[in-house]
Amino acid sequence: MSKRVAVIAAGQSKFGTLGKSMKELFIDALKDCELNTKELLTKTEEVYIGNLGVGGSQLGNPAALLIEHGLRTGISAQRVENACASSGFAFRDAYRAIRSGAKVSIAGGVEVMNDLSPLHQKYWLGVSGDTEWERLAGATFAGIYALMAKRHMYEYGTTKEMLASIAVKNHRNAINNPKAQFHKEISLEMALNSPLVADPLGLFDCCPTSDGASVVFLASEEVARKYTDEPIWVTGSGAATDFLALHDRPLISEIKATQLAMKQAINQAEIKHSEIDFAEVHDCFTIAELLAMEDLGFYDKGEAGDAILRNDTGIDGTLPINVSGGLKAKGHPLGATGTGQIVEIFNQLTENAGKRQLKNVQTGLAHNVGGSGATCTVHILRRE
Ligand SMILES: CC(C)(COP(=O)(O)OP(=O)(O)OC[C@H]1O[C@@H](n2cnc3c(N)ncnc32)[C@H](O)[C@@H]1OP(=O)(O)O)[C@@H](O)C(=O)NCCC(=O)NCCS
């Protein structure tokens with residue numbers, strides 16, 4: 001059984017309002033992989049597909065559907081649903097399949113959101129928070145994260161300018177990502193003066209609704225080098241849950257599941273925070289990126305805001321975050337987001353990230369959150 005697990009290929013479709021079906025998006029993701037995925041699919045033993053079924057597309061059996069269109073049947077394929085962290089968990093499942101003896105496995109994700117009306121989108125999004133106490137009382141996800149932002153502002157003096165600066169950075173990063181939903185630079189003034197969605201969050205503090213797919217091939221140490229000279233090793237995998245409803249959590253200025261998942265991943269990887277060169281974190285709202293910086297342990301509580309103003313997390317900063325544009329500007333097709341983050345880490349570590357390529361990077365981290373923090377995965381990947 002393989003102790004070491006490699007990512008050997010990764011790809012994604014464009015994210016955005018695309019008018020394509022789930023199958024077409026998944027084929028786009030397969031085509032984006034550098035390797036011959038037809039051959040790899042014949043060797044694949046286990047498939048895990050993250051998907052919420054938010055749109056009007058295929059609601060049941062999406063994993064079998066997608067693999068059928070990658071021209072494979074007769075293997076184990078299943079859907080994984082953990083809200084916006086669905087494909088972070090699909091990746092963890094595919095990783096564990098290799099650890100348990102499979103030679104090649106697939107993690108992927110897909111979501112078609114824009115075939116629903118805005119009203120239906122918001123309803124289906126909201127039910128991944130606490131349905132009984134939050135969604136049915138009228139709360140949207142923007143509203144829930146707004147409460148967390150307000151509390152963080154109250155406890156630590158966090159400002160709207162700090163949050164808006166995250167949006168400015170992520171929109172700027174997305175300009176160099178051809179797969180991103182938005183290619184539009186925004187100024188701090190635009191971000192600060194954008195229409196209010198849920199006080200204190202404005203339009204540019206929110207991720208958009210997106211269609212898209214992503215796919216990652218994993219392999220055991222024994223076979224990885226048959227397919228690529230540049231395997232990227234998964235050195236840490238962590239996952240945790242928390243109460244769904246904010247009112248059940250002792251603190252809402254932190255995401256406990258992130259802290260716990262990070263502890264597992266970094267202990268397994270046997271590295272220090274300072275050895276992580278860059279991160280893709282779950283910025284569904286700007287406050288979520290700020291919380292991630294603290295809960296992942298890169299900054300003490302209350303210190304991430306100043307780090308943002310210093311541009312520590314910019315592409316030339318000490319810890320680049322969301323070089324892809326993040327959920328904010330690359331887009332957030334729910335089920336496809338977690339493995340989409342792994343695609344970015346893989347591209348950076350294999351030096352295939354084009355104009356946004358970071359220099360001298362060896363270790364990257366992916367952080368994927370479900371709902372307002374009820375589920376979370378953290379993965380650490382490293383090149384030799
Ligand atoms: C922010 C939000 C409410 C805006 O929805 P909306 O008011 O229906 O916006 P529209 O789709 O009508 O778009 C209006 C304009 O704003 C732009 N836009 C929409 N969302 C945007 C966003 N998040 N950031 C930047 N621009 C955005 C659109 O491109 C469009 O621009 P155009 O007029 O130049 O074409 C919606 O995107 C949303 O709910 N986002 C959060 C999704 C979510 O909760 N995901 C799960 C997270 S846990």
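We count ligands from 1, going down the list as the structure has it; atoms in each ligand are counted the same way. Numbering of residues begins at 1 and proceeds along the displayed sequence. What you are looking at is a predicted structure, and each value in this text was computed from that prediction instead of being measured.
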Near Cys284 (heavy-atom distance under 4.0 Å), the atoms of ligand 1 are 47 (C), 48 (S)
Protein heavy atom under 4.0 Å of atom 47 (C) of ligand 1: yes
Does the protein come close to atom 6 (P) of ligand 1 - that is, does one of its heavy atoms sit below 4.0 Å from that atom? no
Is there a side-chain contact between Phe217 and Thr44, using heavy atoms and a 4.5 Å cut-off? yes
Quick one: which of Ile342, Val80, Ile106 gives a side chain to side chain contact (heavy atoms under 4.5 Å, CB included) with Phe91? Ile342
Looking only at the side chains, is there a donor atom on one of Asn177 and Ser324 sitting less than 3.5 Å from an acceptor on the other? no
Quick one: does Ser210's side chain have a donor or acceptor within less than 3.5 Å of a partner on His332's backbone? yes
Which option out of Gly373, Gly16, Cys207, Ala191 puts a heavy atom nearest to atom 37 (O) of ligand 1? Cys207
Distance-minimising heavy-atom pair for Gly373 and Ala257: O-CB, 3.5 Å
Glu289-Asn170 side chain donor-acceptor pair, cut-off 3.5 Å: yes
Return yes when at least one protein heavy atom is under 4.0 Å from atom 33 (O) of ligand 1, and no when none is. no
For Phe141, the ligand 1 atoms with a heavy-atom partner under 4.0 Å come out as 44 (O), 48 (S)
Are a donor atom and an acceptor atom from the side chains of Ser220 and Glu222 found within less than 3.5 Å of each other? yes
Take atom 20 (N) of ligand 1 and look for protein heavy atoms under 4.0 Å from it; say yes if you find one, no if not. yes
Look only at interatomic distance and state if Lys184 has a nitrogen or oxygen under 3.5 Å from any nitrogen or oxygen of ligand 1. no
Atom 10 (P) of ligand 1 protein-contacted (non-hydrogen atom, under 4.0 angstrom): no
Could any protein non-hydrogen atom be found less than 4.0 Å from atom 23 (N) of ligand 1? yes
For His379 and Ser237, does a side-chain donor sit closer than 3.5 Å to a side-chain acceptor? yes
In terms of its nearest heavy atom to atom 29 (O) of ligand 1, the top option of Phe182, Tyr145, Phe285 is Phe182
To atom 16 (O) of ligand 1, the nearest of Thr17, Leu203, Val369, Ile186 on a heavy-atom basis is Leu203
Return yes when at least one protein heavy atom is under 4.0 Å from atom 39 (O) of ligand 1, and no when none is. yes
Charged N to carboxylate O below 4.0 Å: is that the case for Arg356 and Glu344? yes
Ligand-residue contact atoms, ligand 1 with Pro208, heavy atoms, under 4.0 Å: 23 (N), 37 (O)
With backbone taken as N, CA, C and O and side chain as the heavy atoms from C-beta onward, which portion of Lys328 lies under 4.0 Å from ligand 1: side chain, backbone, both, or neither? side chain
Tell me whether atom 44 (O) of ligand 1 lies less than 4.0 Å from at least one protein heavy-atom position. yes
